[in-house]
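Just follow the structure's listing: the first ligand is 1, and inside any ligand the first atom is 1. The structure presented is a predicted model; accordingly, all values stated were derived computationally and were not measured.
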Amino acid sequence: MPLTNVQTRDVEALLHPYTALHTLRDTGPLVLDHGKGVHVYDTHGKAYIEGMSGLWCAGLGFGDEELIAAAKQQLDRLPYYHLFGGKSMEPAIELAEKLKEIAPFEASKVFFTSSGSEANDTQVKLAWYYNNARGRPQKKKIISRVKAYHGVTIVAASLTGLPNNHRDFDLPVDRILHTDCPHAYRFAEPDEDDAAFTARIVANLRAMIEREGPETIAAFIAEPILGAGGVIVPPEGYYQAVQALLAEHDILFIDDEVINGFGRTGNWWGCETMGFTPDTISCAKQLTSAYAPLGAVMVGEEMYDAFVEESRKIGVFGHGFTYGGHPLGCALGVKAIEIYQKRGILERVRGLTPQFEARMQRIADHPLVGEVRGKGLIGGVELVSSKSTRAPFDPALAIGARCVANAQKHGAILRAVGDTVALCPPMIISASELDQLFDCLEAALKDTLADLPAGALSD
Ligand code: PLP
């Protein structure tokens, strides 16, 4: 089909993130115009259920009047200010207080950024600063995991454990290590149950720490449920064993709650769902329900004390972003947390979870589906060429992308992470809208199976 005028303007003017640039010039983008509730509408007026809350972020859906009013009010009052050099403003103070109240550990201070990547970059800088302040200049390496996603700035992309984020970008940088991905379906040996798999990968982590020397390891970073790596739910007992191991070696546990945070898994934080307590947290996305860009890092008293000491020595804590703690983002963050509380969004997610799980289980029997997984209102459907051997499809077939394109035809926006189809609908979704979303996915799976190239299935 020839490109429409707006599509032509797009391909002439925009460099798109995370896009197959070589095909976009022919296909053109899907141009969205407006949104309401769980739906977004394209420029032709076609409605789609946003089954991914955008990029796992618009948890309160689109066109929320209370959020919009809070934004307008803040823009009228003070559209911009910053927190540098001893300045402050009420929205940042109030949001920091609210975050401390709901934090799953003894948070002492909140540092604001504009994004999740900046939050994780900040985490690494803070871990280095902290260890310099503590007189441990060797303790600098950060352990991340294969298939982790922590963002795209140079250090955050290095923490990310996905080949396409490294390849030809000359990454990862040094001092970043990657340990096993805690995904039993993909990485357990045939004779290993969850417990044996967990024991093996935790032993590998211990061996890595011992090989490198614990005195050289500053921190371990983890998303409680890995998102962009394929919605991976680690086995029971994994985080408890990891946490104990880190404590043994005085290694900070950085919890990346950028996707998991603010109710997505049925609790405020994914670490509560997965049963561990971090030393520090990164968050973003649902912090403002994505109505404005904002990220945050929360640290405990001990880290804060070290920053104060180091600042005394140097004369300044020399880190900060022009838009970190932007009043618009902070006012939206305050309002979003208020809405999560007063509209009972966490309870809502818990209430919808059995339906979400039941519809996922129904899909599990489909001939293309190897594994379904998730917690709360986040899930992944992994498509495989053989149910019995778990063999993946040839990546060149782009089966996940085909399935997502078919879902789009049926009126649902989903996202393929490799051959895993991710679901992360707005947490305000109703039971009937959730059914419609799964109906679209089932129809998409049917179409994908019907159009499968001969010989693609190996069962
Ligand atoms: N951390 C996690 C777990 C994420 O999923 C993302 C983005 O998807 C990021 C960090 C990076 O956030 P941003 O895209 O706001 O930089």
Residues in side-chain hydrogen bond (donor to acceptor under 3.5 Å, both in side chains) with Arg343, at least two apart?
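Arg343: side-chain hydrogen bond (donor to acceptor under 3.5 Å, both in side chains) contacts with Asp64, Glu66.
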Taking atom types as modelled, find out whether Ser282 and Asn120 have a side-chain donor-acceptor pair closer than 3.5 angstrom.
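Checked: Ser282/Asn120 side chains pair up, N/O donor to acceptor below 3.5 Å.
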Do Glu371 and Arg186 sit within salt-bridge range, that is, some charged N less than 4.0 Å from a carboxylate O?
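Here Glu371 does not pair with Arg186 in a salt bridge, since their nearest N and O are not under 4.0 Å apart.
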With Arg373, which of Thr420, Val381, Ile225 fulfils side-chain contact (heavy atoms from CB on, under 4.5 Å)?
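For Arg373, the side-chain contact (heavy atoms from CB on, under 4.5 Å) test succeeds with only one of Thr420, Val381, Ile225, which is Thr420.
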Qualifying salt bridge (charged side-chain N to carboxylate O under 4.0 Å, His left out) pairs with a residue from residues 399-428, counting only residues at least two apart or across chains
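Those involving residues 399-428 do not exist here.
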Under 4.0 Å from ligand 1, counting heavy atoms only: the protein residues, by chain and number
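Residues Ser115, Gly116, Ser117, Asn120, Tyr149, His150, Gly151, Glu223, Asp256, Val258, Ile259, Lys285 each place a heavy atom under 4.0 Å from ligand 1, listed by chain and number.
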Tell me every residue that passes salt bridge (Lys or Arg N to Asp or Glu O under 4.0 Å) with Lys141, counting only those two or more places apart in sequence or in another chain.
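Only Glu212 meet the salt bridge (Lys or Arg N to Asp or Glu O under 4.0 Å) criterion with Lys141.
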